[in-house]
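Mind having a look at this structure? Questions to follow.
Source: prediction; values computed, not measured.
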Amino acid sequence: MTIDKDFRLLCAPLQGFTEAAFRHFHAQLYPAIESVTYYTPFIRIEKGEIRSRDMREVCSTLNTNHHLIPQIIFKDTTEFSKLTEELYGNGYREIDLNMGCPFVPQVRKGRGAGIIGNPAVFKDICGIIRSMPEIRFSIKMRVGISAPDEWRALIADINSTPLCHVTIHPRTASQQYGGELHYDQFEEMLHTFEHPVVFNGDIENPDQIGQLRERYPELSGVMIGRGLLKRPSIIAEWIENREWSRSEHIAKILTLHSMIADNYRSTLTGGDTQILSKIKPLWEYFGEEFDRRTVKKIMKASTLSKYDEAVRNLR
C-alpha cells in the first residue's frame with residue numbers, strides 16, 4: 001500500500017500501558033511503524049508541581065526511536081502554562097491537550113473532558129496558544145461531558161486557534177468507553193471544525209481504518225488506543241494490506257512482552273511486586289490472543305518465577 005503522508009496514524013495514550021518501554025519496543029518490533037506518531041500518557045500537576053514520574057517518562061532515552069508528542073491535562077491557565085513551559089524547556093515543540101479523559105475524579109476537577117464544560121477557561125487557554133507560535137498544539141476531545149452536543153460551545157475558539165489537528169472520540173465522558181459512538185455529532189464536527197480532524201474510538205482491526213477513510217474522505221487520520229494494545233500489529237497490517245496469521249500475532253506479542261519485561265527487570269529496583277505491577281496490566285489486552293485460563297494464572301502470579309512459568313504455558 002502507498003502511504004498517504006497526510007493521513008495521520010496516531011497511537012493513543014493510555015495510562016499505565018503506553019509508557020516509554022511499550023512505545024520503544026513496539027516501534028522497534030513492528031514494520032512500517034515509522035509512519036506512526038505516539039503520545040505520552042497525560043502529564044499533570046499534582047500538589048502544585050508537575051509529577052516527577054511524568055517528566056521521567058517524557059525525558060526517557062527510550063523515546064529516541066519514535067516520533068513522540070507529550071499530552072497534558074490541566075484545569076486552568078496556571079496548570080496549562082506550567083506544563084507547556086516545562087515541556088518547551090525540555091525541547092518539545094509539539095503538545096497535545098487532553099480534553100477527553102473521562103475519569104470522574106479528573107472531570108470533577110475540571111480536567112480532561114471537564115474543560116468542555118468550562119468554555120471561559122478554554123477561551124483563556126486558546127489565547128495563550130495564540131501567543132506561542134513556536135509550539136504546535138493539537139487537541140484530543142470528547143463530544144461532551146454528559147450531553148453529546150456540548151462541544152458546540154467551543155466551536156468559535158477552536159476554529160480561531162492555530163491547531164495542527166483535533167482528535168475526536170465521539171462519546172461523552174459519562175459513557176466512559178462503552179455505549180454507542182455518536183457518529184452524527186462526529187460528522188457535524190468534521191464539517192464544522194476548520195482544522196484537520198482525526199477519528200478515535202473502537203478501532204480494533206485494520207479493515208476499520210479503510211472503512212473510516214471511505215466513509216469520511218475528509219478524515220485526516222485515526223488514533224488507536226485499546227485496539228493497538230489488543231492487536232499491536234493493527235497499523236502494520238493496514239499498511240501491508242494483509243491480515244496477519246495467528247502465529248505471526250502470537251510470535252510478535254510474546255517478543256514484545258519479553259522486551260518490555262526484560263527492560264522492567266533491568267531498570268526497576270522494587271523487586272517482584274513492582275515489576276509485576278508494571279507488566280501484568282498488559283495482559284488485559286495481550287491476553288485476547290491466548291487461552292483465558294492461562295492468562296488468569298499470569299494475572300494471579302505473586303512472584304516472577306510463577307509469572308514466568310505461566311507465560312511459558314501460553315498457547
Distance, nearest 0.5 Å, that separates CG of D207 from CD of E204
13.0 Å
Salt bridge check: are R231 and E288 linked by an N-O gap of less than 4.0 Å?
no
What closest approach, in Å, do L14 and R226 show between heavy atoms, and which atom pair accounts for it?
CD2-CG, 3.7 Å
With a cut-off of under 6.0 Å to the ring centre and 45° to the axis, is R111 in cation-pi contact with F74?
no
Between Q208 and N205, is there a donor-acceptor pair closer than 3.5 Å when you use the side chain of the first and the backbone of the second?
yes
Do we get K252 above Y30's six-membered ring, with its NZ or CZ under 6.0 Å from the centre and within 45° of the axis?
yes
Any donor and acceptor pair, going by atom type alone, linking the side chain of E150 with main-chain N or O of S146 inside 3.5 Å?
yes
I want to check something: taking the side chain as every heavy atom from C-beta on, are L163 and I139 in contact at a cut-off of under 4.5 Å?
yes
F193-W151 aromatic ring centre distance below 6.0 Å
yes
Got a second to check how far T40's OG1 is from I43's CD1, nearest 0.5 Å?
4.0 Å
If two hydrophobic side chains count as joined below 4.5 Å and joins carry through other members, does I116 share a cluster with M223?
no
How far apart are the C-alpha atoms of H191 and E218, what are their side-chain angles, what is the distance that settles it, and do they pass the side-chain hydrogen bond (donor to acceptor under 3.5 Å, both in side chains) test?
CA-CA 9 Å; H191 296 119; E218 315 95 317; 2.7 Å; yes
Between S138 and D96, is any side-chain donor less than 3.5 angstrom from a side-chain acceptor?
yes
Can you tell me if R142 uses its side chain to pair, donor with acceptor, with the backbone of Q176 under 3.5 Å?
yes
State whether the side chain of E237 and the backbone N or O of W244 hold a donor-acceptor pair below 3.5 Å, judged by distance alone.
yes
Between atom CD1 of I69 and atom CG of L10, what is the distance when rounded to the nearest 0.5 Å?
7.5 Å
Just do the salt bridge (Lys or Arg N to Asp or Glu O under 4.0 Å) check on D76 and K82 with the steps written out, would you?
CA-CA 10 Å; D76 53 30; K82 193 165 191 171; over 6 Å; no
Does E57 use its side chain to pair, donor to acceptor, with the backbone of A20 at less than 3.5 Å?
yes
If you take all heavy atoms of W238 and P206, which pair is closest and at what distance?
CD1-O, 3.3 Å
Can E94 and H67 be counted as having a side-chain donor-acceptor contact under 3.5 angstrom?
yes
A side-chain contact here means heavy atoms from C-beta on lying under 4.5 Å apart; do I95 and L83 qualify?
no
Side chain to side chain contact (heavy atoms under 4.5 Å, CB included) between L97 and F137, worked out
CA-CA 7 Å; L97 280 55; F137 288 95; 3.5 Å; yes
Any side-chain heavy-atom pair from Y39 and K140 closer than 4.5 angstrom?
no
Between M259 and H24, is any pair of side-chain heavy atoms under 4.5 Å apart?
no
Hydrophobic clustering (ILVMFWY, side-chain heavy atoms < 4.5 Å, transitive) - are F7 and I224 grouped together?
yes
What closest approach, in Å, do L256 and L29 show between heavy atoms, and which atom pair accounts for it?
N-CD2, 3.5 Å
When you measure from the centre of the six-membered ring of Y88, is the NZ or CZ of R93 closer than 6.0 Å and no more than 45° off the axis?
yes
H165 side chain to S220 side chain, donor-acceptor N/O pair below 3.5 angstrom:
no
Salt-bridge present (E19, K278; N to O < 4.0 Å):
yes
Salt-bridge present (E46, R44; N to O < 4.0 Å):
yes
L68 and Y92 have their tightest heavy-atom pair at CD2-OH, 3.6 Å
Is I155 linked to V121 within one hydrophobic cluster, defined over Ile, Leu, Val, Met, Phe, Trp and Tyr using a side-chain heavy-atom separation of less than 4.5 Å?
yes
Just by distance, no angles: are the side chains of T294 and D291 close enough, under 3.5 Å, to form a donor-acceptor pair?
yes
How far does OG of S233 sit from CD1 of I253, to the nearest 0.5 angstrom?
7.0 Å
Side chains of M132 and I128, heavy atoms from C-beta outward: is any pair under 4.5 Å?
yes
Is there a donor-acceptor pair under 3.5 Å between the side chain of E214 and the backbone N or O of I209?
no
Side chains of I239 and L9: closer than 4.5 Å at any heavy-atom pair?
yes
Distance-only, no hydrogens or angles: does the D124 side chain make a donor-acceptor pair with backbone N or O of P119 under 3.5 Å?
no
Evaluate the criterion side chain to side chain contact (heavy atoms under 4.5 Å, CB included) for residue pair K280 and L282; output intermediate values, then yes/no.
CA-CA 5 Å; K280 283 204 290 189; L282 287 170; over 6 Å; no
Is NZ or CZ of R8 both nearer than 6.0 Å to the six-membered ring centre of Y38 and within 45° of the ring axis?
no
Side-chain (R23) to main-chain (L62) donor-acceptor, under 3.5 angstrom:
no
Report yes or no: do R130 and T161 form a side-chain donor-acceptor pair below 3.5 Å?
yes
If hydrophobic clusters are built by linking Ile, Leu, Val, Met, Phe, Trp and Tyr wherever their side-chain heavy atoms come under 4.5 Å apart, do I279 and F286 end up in the same one?
yes
Here the gap from N313 atom CG to R293 atom CZ, rounded to the nearest 0.5 Å, amounts to 11.5 Å
Take Y216 and E187 through the side chain to side chain contact (heavy atoms under 4.5 Å, CB included) test and state the conclusion after the steps.
CA-CA 8 Å; Y216 305 117; E187 289 167 9; 3.0 Å; yes
dist T18:OG1 -> L228:CG (nearest 0.5 Å) comes out at 8.5 Å
S60 side chain to R56 main-chain N or O, any donor-acceptor pair under 3.5 Å?
no
Any heavy-atom pair between the side chains of L154 and M99 that's under 4.5 Å?
yes
Going by an N to O cut-off under 4.0 Å, is there a salt bridge joining E180 and R171?
no
Has E248 got a side-chain atom pairing as donor or acceptor with S245's backbone, closer than 3.5 angstrom?
yes
Given side chain to side chain contact (heavy atoms under 4.5 Å, CB included), test I158 with V166 step by step and report yes or no.
CA-CA 9 Å; I158 287 177; V166 179; 4.2 Å; yes
For this output row, return yes or no: ring centroids of F17 and F22 closer than 6.0 angstrom.
no
Centre-to-centre under 6.0 Å for H257 and Y307, is that the case here?
yes
Shortest non-hydrogen contact between C11 and V36, atoms and distance
SG-CG1, 3.2 Å
Identify the two heavy atoms, one from P170 and one from N200, that lie closest to each other, and give their separation to 0.1 Å.
CD-O, 3.2 Å
Looking at Y183, I'd like to know if the NZ or CZ of R215 sits under 6.0 Å from its six-membered ring centre while staying within 45 degrees of the ring's axis.
yes
Over 12 foreign heavy atoms within 6.0 Å of CZ, R53
no
Honestly curious: do I73 and V58 fall in one hydrophobic cluster under the side-chain, below-4.5 Å linking rule?
no
Full working for salt bridge (Lys or Arg N to Asp or Glu O under 4.0 Å) between K297 and E309:
CA-CA 9 Å; K297 290 181 180 179; E309 181 181 359; over 6 Å; no
